[in-house]
Amino acid sequence: MSDVGLTHGTTASAATPEASAPAPAGTPGPSGAPRTTGTPGGGRAYARARVVPNGVSRIWYETRTYFRLPDQVFFTFLFPVVMLGIFTAVFGDQEMTIGTTTIDMGAYYLPAMLAAGILLSGVQNLAIDIAERKSDGTLKRLGGTPLSPVSYFIGKIGEVFLTGVIQAGVLIAVAALVFGVDLPTEPEKWVRFVWVFVLGTAASALLGIALSSVPRSGRSASAVVVPILLVLQFISGVYVMFSSLPEWMQNLASVFPLKWIAQAMRSVFLPDDFKALEPNESWDLGWCAVVLLAWLVVGLVISRLTFRWIRKDT
């Protein structure tokens, strides 16, 4: 990705010989920062060196902005917690028994809500937010600054990771403390949880950036994104037990990452006897890693090819 807007505002200064003459290295620039060199190429090198620091600094800005929007916080951050409470209340007296192992429905739906939280925080949050910012001109103004698209991506993906960690912590705490769900005690299961969470969140965030180019305007963003993700959650075993779905629907869901995130989360929080309910009577963790890595690459490539500070047709 090329840095956008690095030469913005330099035309006027080139009108005089003094302004067009290269400044010696080390003299203060217009913003007070020292010049790295007297040539335009040196300015670009300095901007490239600031890509990661600028991206990291934007993580805190994006996170603060995220929590200042109550509707966004509810429908992406708190929604899985609310749904876990609803499912636990509705099926509170029911239990599931596989072999010699019995669990309640709250324990069964915890991994599903963790998977849904990853999807909502990554895909839905970023797809709608970026489409709205593109529509109201916010991204156009950012495109007129030296901010690199890579720095912007770092800020957005970092926000998804930070809010996702908090959301997962809240979900697990509510499940254990309020609904009495037993959490795994084996260290290897928590290691598994970490890599599934990291891969799933990274893939979801990049797919969210890619999907943000689909809505024609900020007003239509929710109407485009939400139905797609709602259908995906139903066919991926989030709201309905995956083993009860028709085979063709299971095969369709297997193409997308959510099914694999939910299945891997079940391998963390459910007893091993419950892998008998999976299509191959196995957790298939190897395939989970392969599919998530593949979608991560797909999301990265599509984001790289489609992201614009403004729509091409405007």
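Counting begins at 1 with the first residue of the sequence.
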Single-linkage hydrophobic cluster, 4.5 Å side-chain cutoff, Leu139 and Leu69 together: no
Flag for Thr138-Asp136: side-chain donor and acceptor within less than 3.5 Å: yes
Student check: side-chain heavy atoms of Gln167 and Leu120 closer than 4.5 Å: no
Spatial distance of atom CD (Gln250) from atom OG (Ser244) [nearest 0.5 Å]: 8.0 Å
Spacing of CD1 belonging to Ile154 relative to OG belonging to Ser148, to within rounding of 0.5 Å: 7.5 Å
Common cluster, Leu211/Val255, ILVMFWY with side-chain heavy-atom separation under 4.5 Å: yes
Exam field: side chain Glu159 to backbone Gly155, donor-acceptor pair closer than 3.5 Å: no
Under 3.5 Å donor-acceptor, Asp104 side chain and Gly106 backbone: yes
Which atom of Ala210 lies closest to which atom of Ile302, heavy atoms considered: CB-CG2, 3.4 Å
Cluster link Leu162 to Leu199, ILVMFWY, side chain under 4.5 Å: no
Check: Ser236 side chain, Val238 main-chain N or O, donor-acceptor pair, under 3.5 Å: no
Whether Phe161 and Phe197 hold their rings parallel, tilted or perpendicular, with breakpoints at 30° and 60°: perpendicular
Min side-chain heavy-atom separation Met113-Val174 under 4.5 Å: no
Close side-chain approach of Phe74 and Val82, heavy atoms under 4.5 Å: yes
Closest approach of Val196 to Ile261 (non-hydrogen atoms, all atoms of both residues): CG1-O, 4.3 Å
Backbone of Trp283 reached by a side-chain donor or acceptor of Gln263 within 3.5 Å: yes
Single hit among Ile86, Thr88, Val81 for side chain to side chain contact (heavy atoms under 4.5 Å, CB included) with Leu84: Thr88
Inter-residue atom distance Met83.CE - Tyr239.OH, 0.5 Å rounding: 5.0 Å
Ala131 versus Ala221, closest heavy-atom pair with distance: CB-CB, 3.9 Å
Interatomic distance, Leu126 atom CG to Ile157 atom CD1 [nearest 0.5 angstrom]: 8.0 Å
N/O donor-acceptor pair under 3.5 Å between Asp129 side chain and Asn125 backbone: no
Side chains of Glu62 and Tyr152 in contact at under 4.5 Å (non-hydrogen atoms): yes
Step-by-step side chain to side chain contact (heavy atoms under 4.5 Å, CB included) determination, Leu245 to Phe234: CA-CA 9 Å; Leu245 297 173; Phe234 271 102; over 6 Å; no
Inter-residue atom distance Ser243.OG - Phe274.CZ, 0.5 Å rounding: 10.5 Å
Min side-chain heavy-atom separation Leu277-Arg266 under 4.5 Å: no
Nearest heavy atoms of Lys189 and Pro184, plus distance in Å: CD-CB, 3.9 Å
Closest contact, heavy atoms only, Ile235 versus Ala253: O-CB, 3.1 Å
CA sep, side-chain torsions, deciding dist, call: Thr76, Tyr66, side chain to side chain contact (heavy atoms under 4.5 Å, CB included): CA-CA 10 Å; Thr76 61; Tyr66 175 87; 2.7 Å; yes
Worked verdict on Phe269 versus Leu114 for side chain to side chain contact (heavy atoms under 4.5 Å, CB included): CA-CA 10 Å; Phe269 291 95; Leu114 286 166; 3.4 Å; yes
Leu292 CG to Trp195 CH2 distance, which is reported to the nearest 0.5 Å: 7.0 Å
More than 12 heavy atoms from other groups under 6.0 Å of CH2 on Trp60: no
Ring-ring centroid check Phe67 Phe77, cutoff 6.0 Å: yes
Val226 side chain reached by Ile128 side chain, heavy atoms, under 4.5 Å: yes
Sidechain-backbone polar pair: Ser303 side chain, Leu206 backbone, donor-acceptor under 3.5 Å: yes
Side chain to side chain, Lys259 and Phe242, heavy atoms closer than 4.5 Å: yes
Donor on one side chain, acceptor on other, Thr101 and Asp273, under 3.5 Å: yes
Geometric class of the Trp190/Phe193 ring pair [parallel <30°, tilted 30-60°, perpendicular >60°]: perpendicular
Same apolar cluster (I L V M F W Y, side chains within < 4.5 Å links), Leu78/Val178: yes
Over all atoms of both residues, closest heavy-atom pair of Arg58 and Ser151: CD-O, 4.4 Å
Within 6.0 Å of CD in Glu247, more than 12 heavy atoms from elsewhere: no
Main-chain N/O of Val160 paired to Thr163 side chain as donor or acceptor, under 3.5 Å: yes
Cluster link Val198 to Val191, ILVMFWY, side chain under 4.5 Å: no
Pairwise side-chain contact, Tyr108 with Leu270, heavy-atom cut-off 4.5 Å (strictly under): yes
Under 3.5 Å: donor-acceptor pair, side chain of Ser204, backbone of Thr201: no
Centroid-centroid under 6.0 Å between Phe307 and Trp309 rings: yes
More than 12 heavy atoms of other groups within 6.0 Å of Phe75 CZ: no
